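Everything below concerns the one structure shown next.
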Number of protein chains: 2
Amino acid sequence: MTGAPVIHIVDDDASFRGALSRLLEVSGYAVTDYGSANCFLRSIESAEPGCILLDVNMPSVDGLQLQEELARLSMRWPIVFMSGRGDVPTSVRAIKAGAEDFLLKPVSKDALLDAIDRALARFAATRQQQDQINSLRSLIATLTPRESEVFALMVRGKMNKQIAFQLGTSERTIKAHRHMVMEKLQVQSFAEAVSIAEKTGLLASPATGDVENP
Amino acid sequence: MTGAPVIHIVDDDASFRGALSRLLEVSGYAVTDYGSANCFLRSIESAEPGCILLDVNMPSVDGLQLQEELARLSMRWPIVFMSGRGDVPTSVRAIKAGAEDFLLKPVSKDALLDAIDRALARFAATRQQQDQINSLRSLIATLTPRESEVFALMVRGKMNKQIAFQLGTSERTIKAHRHMVMEKLQVQSFAEAVSIAEKTGLLASPATGDVENP
DNA sequence: GGGCCTATTGTCCTTGAGGGCAACGTCAGG
DNA sequence: CCTGACGTTGCCCTCAAGGACAATAGGCCC
């Protein structure tokens with residue numbers, strides 16, 4: 001099922017959509033197509049991840065609006081726009097919003113395949129690093145509230161005794177929590193723990209009620 | 001001198017350039033202007049940092065070429081393009097290469113000031129984080145070659161004895177180097193050292209001849 | 001040759017981190 | 001009422017990290 005990434009075509013012109021589908025399929029891509037933005041949005045939950053070939057001018061919800069909606073849903077799949085009468089402001093807006101490319105109809109086959117390749121490459125790269133962050137976050141999610149507090153303080157370089165004081169408990173307890181943190185995060189060294197905190201943005205957030213070390 | 005950021009106008013049309021300069025000056029900006037891309041490139045070393053208002057269509061070196069050249073020089077100042085007869089592919093290329101905006105002549109005053117404000121805001125944000133990275137890198141630059149090796153290994157969670165073995169020296173020596181590293185990086189805790197390594201991309205680079213810990 | 005920096009190393013001692021073992025109290029579920 | 005997860009803590013022991021004090025050796029500049 002989740003083998004190769006899928007190319008999702010969204011265009012209200014059925015004949016164009018069909019032609020495009022066939023073109024991409026013979027080029028070896030997996031393709032699905034939708035006649036409208038709403039149609040795509042409805043099936044988005046079950047859709048295979050991949051990139052989107054999106055027509056700008058569509059009735060009801062146009063391409064840019066769909067792009068906005070996807071951003072709101074945190075669906076950051078790469079988008080390649082296609083437009084018949086492309087104007088500069090529209091293309092600028094699309095690209096600034098993160099579109100991979102903005103092609104003018106009639107679309108040259110080479111340009112299209114090139115854009116799709118770049119989109120898929122970006123997709124792969126993004127997904128890989130996103131997966132990594134997510135797996136780290138899921139590890140962190142297994143920490144109990146108390147362990148999270150200890151984690152946040154230890155990766156800021158606080159000593160056990162300082163953490164104990166700040167949390168109003170004993171050093172031995174902190175050691176116990178710390179042990180659990182290392183175990184749950186599946187790291188062997190303190191350095192790795194700090195690295196995880198850094199990658200997941202934990203160190204960027206404000207120190208929770210930090211008291212400067214005397 | 002280095003007070004407010006400067007807006008650098010690059011356009012071959014002298015009258016347009018003049019009008020733009022006056023407009024921006026009365027709006028309270030510091031402005032310099034250049035009649036060609038080469039003219040700008042010649043004075044770039046001594047130029048005040050800021051953003052660039054760049055005409056696309058110029059003889060000899062056009063706006064996009066200047067953008068490329070600046071990227072090659074790692075001059076990542078925000079660029080606002082202006083073009084008389086803007087076409088979609090050109091604008092797409094400019095934005096994809098990182099331009100802040102792409103405006104069509106005649107440029108509306110509001111749109112221009114808005115784009116400039118965004119460009120300057122981005123400039124400030126970028127510069128701030130860049131300055132932070134640079135100051136960290138300059139700290140790292142004070143490390144001797146040997147200290148750098150030790151630093152790279154310690155932030156990967158290696159124990160002193162492992163580092164000593166790998167570098168063919170004694171544990172005591174590593175302790176001495178480690179001490180110097182902490183001092184030169186001006187950090188009190190090991191966690192901060194790891195954090196610096198992470199921020200400066202040191203942890204992303206391949207482990208130098210890493211030997212797995214038995 | 002003398003002075004200074006870098007790298008190196010040793011010994012001794014202190015402190016911090018971490019683990020083993022054992023135990024206690026609370027609170028939510030079953 | 002029993003169980004299990006969570007938070008808690010004491011005692012003791014080991015090992016790693018770090019500082020103090022001291023010393024050696026190679027290079028480089030004056």
Side-chain angles (χ1 to χ4, degrees), chain A residues 138-198 202-203 208-214, chain B residues 138-198 202-203 208-214:
Chain A
S138 69
L139 286 180
I140 291 180
T142 68
L143 299 180
T144 67
R146 202 54 159 170
E147 285 160 359
S148 292
E149 292 181 288
V150 173
F151 179 49
L153 292 171
M154 63 187 260
V155 295
R156 283 188 174 79
K158 300 278 184 274
M159 289 185 306
N160 288 342
K161 62 172 62 172
Q162 295 175 292
I163 302 175
F165 174 74
Q166 193 166 333
L167 299 186
T169 181
S170 77
E171 188 177 344
R172 184 63 187 81
T173 304
I174 301 304
K175 285 186 181 180
H177 287 320
R178 199 168 172 142
H179 179 72
M180 285 306 297
V181 169
M182 299 289 284
E183 197 163 289
K184 286 184 175 178
L185 296 188
Q186 296 167 22
V187 293
Q188 314 304 314
S189 67
F190 178 59
E192 293 172 78
V194 177
S195 184
I196 287 180
E198 190 79 48
L202 211 159
L203 280 174
T208 28
D210 204 357
V211 178
E212 275 314 316
N213 162 11
Chain B
S138 70
L139 285 180
I140 292 180
T142 68
L143 300 178
T144 65
R146 201 54 157 170
E147 285 160 359
S148 291
E149 292 181 290
V150 173
F151 180 49
L153 292 171
M154 63 187 260
V155 294
R156 283 189 174 79
K158 301 278 185 264
M159 288 185 305
N160 288 341
K161 62 174 62 173
Q162 295 176 292
I163 302 174
F165 174 75
Q166 193 165 333
L167 299 186
T169 180
S170 78
E171 187 177 346
R172 184 60 189 84
T173 305
I174 301 302
K175 285 187 182 180
H177 288 319
R178 197 167 173 142
H179 181 72
M180 285 307 297
V181 169
M182 299 289 283
E183 198 164 288
K184 286 184 175 178
L185 296 188
Q186 296 167 21
V187 293
Q188 314 305 314
S189 67
F190 178 61
E192 294 172 77
V194 177
S195 186
I196 287 180
E198 190 79 47
L202 211 159
L203 279 172
T208 28
D210 202 359
V211 178
E212 275 314 315
N213 162 11

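All of these numbers come straight from a predicted model, not from anything done at the bench. Here is the naming used below: chain letters follow the sequence lines, and residue numbers restart at 1 for every chain. Keep in mind that the numbers below use all heavy atoms, side chains included, and drop hydrogens, waters and symmetry copies.
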State the CZ-CD distance between A/Arg156 and A/Gln162, to the nearest 0.5 angstrom.
13.0 Å

From A/Phe151 atom CZ to A/Leu185 atom CG, the distance as rounded to the nearest 0.5 Å:
5.0 Å

Of A/Ala176 and A/Lys184, the one whose closest DNA chain D nucleotide lies more 5'
A/Lys184

Write down the distance between [atom1] ([X]) and [atom2] ([N]), rounded to a whole number of angstrom.
{"X": "B/Ile174", "N": "D/dA17", "atom1": "CD1", "atom2": "C1'", "answer": "13 Å"}
{"X": "A/Glu147", "N": "D/dT8", "atom1": "CD", "atom2": "P", "answer": "10 Å"}
{"X": "B/Met180", "N": "C/dT8", "atom1": "CE", "atom2": "P", "answer": "13 Å"}
{"X": "A/Leu167", "N": "D/dC6", "atom1": "CG", "atom2": "P", "answer": "18 Å"}
{"X": "B/Leu143", "N": "C/dC5", "atom1": "CG", "atom2": "P", "answer": "18 Å"}
{"X": "A/Phe165", "N": "D/dT8", "atom1": "CZ", "atom2": "C1'", "answer": "19 Å"}

Name the closest nucleotide to the B/Thr144 side chain, picking from C/dT6, C/dT8, C/dG10.
C/dT6

A/Ser189 vs A/Glu192, test: side chain to side chain donor-acceptor pair (under 3.5 Å). Steps then yes/no.
CA-CA 5 Å; A/Ser189 67; A/Glu192 293 172 78; 3.0 Å; yes

Per-nucleotide protein contact string for nucleotides 14-21 of chain C, where B marks a base within reach and S marks sugar-phosphate only (heavy atoms under 4.0 Å, - for neither)
--SBBBBB

At under 4.0 Å, does any side-chain N or O of A/His177 touch on OP1 or OP2 of D/dT8?
yes

Over all strands shown, is A/Ser170 touching base, sugar-phosphate only, or nothing at heavy-atom distances under 4.0 angstrom?
sugar-phosphate

Checking B/Met182 against B/Met154 for the side chain to side chain contact (heavy atoms under 4.5 Å, CB included) test, could you report, in this order, the C-alpha distance in whole Å, the side-chain angles of both residues, the deciding distance, and whether it holds?
CA-CA 11 Å; B/Met182 299 289 283; B/Met154 63 187 260; 4.0 Å; yes

Closer than 3.5 angstrom, by distance alone: can the side chain of A/Glu147 be matched with the main-chain N or O of A/Thr144 as a donor-acceptor pair?
yes

Backbone of A/Thr142 reached by a side-chain donor or acceptor of A/Lys184 within 3.5 Å
yes

